[in-house]
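A short worksheet on the structure shown next.
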Amino acid sequence: MKIPILMYHNIAEVPEGINVYRSLYVSPAAFARQMALLRMLGYRGVSMSDAMVYLQGGKEGKIVVITLDDGYVDNLEWAMETLRRYGFTATCYAVSGYLGQYNAWDDEKLGVRKPLMSAEELRAWHAGGMEVGAHSRTHVRLSQCSDQQQREEIHGCKAELEDRLGIGVTQFCYPYGDYDERAVHATREAGYAAATTTDRGRATVGSSTDLWRLPRIQVARRHLLPQVAAKVLTRYEDKRA
Ligand SMILES: [Zn+2]
């Protein structure tokens, strides 16, 4: 038994003038078609917290986990309505040091400043039935941080989000999919329930699953519906892990 954890970033049309990393954009229409497809195939899209009981083998069902990285405003603008239409939930991983700001960690490389949700917008996301997860304080490469910096980025993000949003934050996602043993340890110690990576594949279910190194499946701009279906339903991604 395998559970696919989908990874998205921006749900929006590609802005004018952006020539690199266009793949991170999935159009609102494509996202809506993908959610409709999942529904048609009998799957329910769920957040990481809603998926925990399935990942741990306590419950069986056709679920697909939906995650969105970084906390872009477009998730609230375009993804939430579609998710709600199908009764789906999703986890958006926010960068706590940049709430209401922009992607300061890669805006120069991308040539575009992408607005990030403010605390108020994240509360609206949560009030809509969605989950807010943590994605570090400043979107660092954790393996390059000192132990002390790792603590600040991992523990600090949870504390900051919980304090500013007034909600519990129990899911973590390693920025750039970059982690080492220390980061895994710090994430467990900080009180998170699980953490996702950018390692490819579908998650294993039951006692053999590693909740601190969960693999994901990227859905990018170029992916057509049949590919999304193959990624979810078949061993297509597992073979590439
Ligand atoms: Zn990120």
Side-chain angles (χ1 to χ4, degrees), residues 5-12 14-15 18 20-26 31 47-49 65-80 90-119 121-122 125-126 130-145 149-150 152-158 160-161 164-165 169-180 182-184 186-187 190 192 194-201 203 212-221 223:
I5 305 176
L6 302 183
M7 168 176 64
Y8 291 93
H9 287 80
N10 292 99
I11 306 300
V14 181
I18 173 168
V20 288
Y21 292 101
R22 292 166 61 91
S23 67
L24 296 180
Y25 287 85
V26 170
F31 183 74
S47 67
M48 272 302 303
S49 281
V65 187
I66 305 191
T67 66
L68 302 120
D69 288 14
D70 303 338
Y72 296 108
V73 173
D74 60 48
N75 297 178
L76 179 67
E77 285 177 331
W78 297 108
M80 191 159 91
T91 300
C92 177
Y93 296 111
V95 182
S96 66
Y98 294 130
L99 302 190
Q101 300 179 44
Y102 60 89
N103 54 316
W105 59 91
D106 67 359
D107 69 307
E108 285 181 10
K109 191 160 80 175
L110 267 59
V112 62
R113 288 185 172 184
K114 303 189 277 189
L116 295 166
M117 283 190 256
S118 63
E121 285 164 331
L122 283 168
W125 171 262
H126 182 259
M130 307 298 150
E131 174 172 44
V132 178
H135 198 37
S136 82
R137 289 195 66 241
T138 60
H139 208 285
V140 285
R141 289 187 185 278
L142 290 167
S143 70
Q144 291 167 20
C145 290
Q149 284 171 321
Q150 280 197 350
E152 282 167 17
E153 290 287 341
I154 297 169
H155 289 63
C157 181
K158 186 175 197 296
E160 206 161 37
L161 288 174
R164 293 197 59 188
L165 306 179
V169 174
T170 60
Q171 296 293 329
F172 190 76
C173 171
Y174 306 107
Y176 307 105
D178 176 64
Y179 64 96
D180 57 13
R182 295 176 307 131
V184 169
T187 305
Y192 292 103
T196 51
T197 67
T198 53
D199 301 342
R200 288 182 72 166
W212 308 99
R213 297 174 187 78
L214 289 169
R216 290 191 292 172
I217 296 169
Q218 190 191 4
V219 183
R221 182 178 163 74
H223 293 133

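Bear in mind that the values here come from a model prediction, so they are computed numbers and not experimental data. Read the numbers this way: they start at 1 and go in the same order the structure lists the ligands and their atoms.
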Worksheet item: So, is His135 placed with an N/O/S atom under 2.8 Å from the Zn ion (ligand 1), counting both backbone and side chain?
Response: yes

Response to the item:
Distance col, row Lys109:NZ vs Asn103:CG, nearest 0.5 angstrom, shows 11.0 Å

Worksheet item: Is there a donor-acceptor pair closer than 3.5 Å between any side-chain N or O of Arg216 and the backbone N or O of Thr198?
Response: no

Worksheet item: What atom name does the N, O or S atom of Asp70 nearest to the Zn ion (ligand 1) carry?
Response: OD1

Worksheet item: Quick check: does any side chain N or O of Glu153 sit under 3.5 Å from a backbone N or O of Ser136, one acting as donor and the other as acceptor?
Response: no

Worksheet entry | Asp69 N/O/S atom closer than 2.8 Å to the Zn ion (ligand 1) | no

Response to the item:
To the nearest 0.5 Å, atom CG of Leu76 lies from atom CD1 of Ile11 at 12.5 Å

Discussion item. Would the distance check show the side chain of His135 and the main-chain N or O of Cys173 forming a donor-acceptor pair, the cut-off being under 3.5 Å?
Written reply: yes

Worksheet item: Does any N, O or S atom of His9, backbone or side chain, fall under 2.8 Å from the Zn ion (ligand 1)?
Response: no

Item to complete: Would you mind naming the N, O or S atom of His139 nearest to the Zn ion (ligand 1)?
Response: NE2

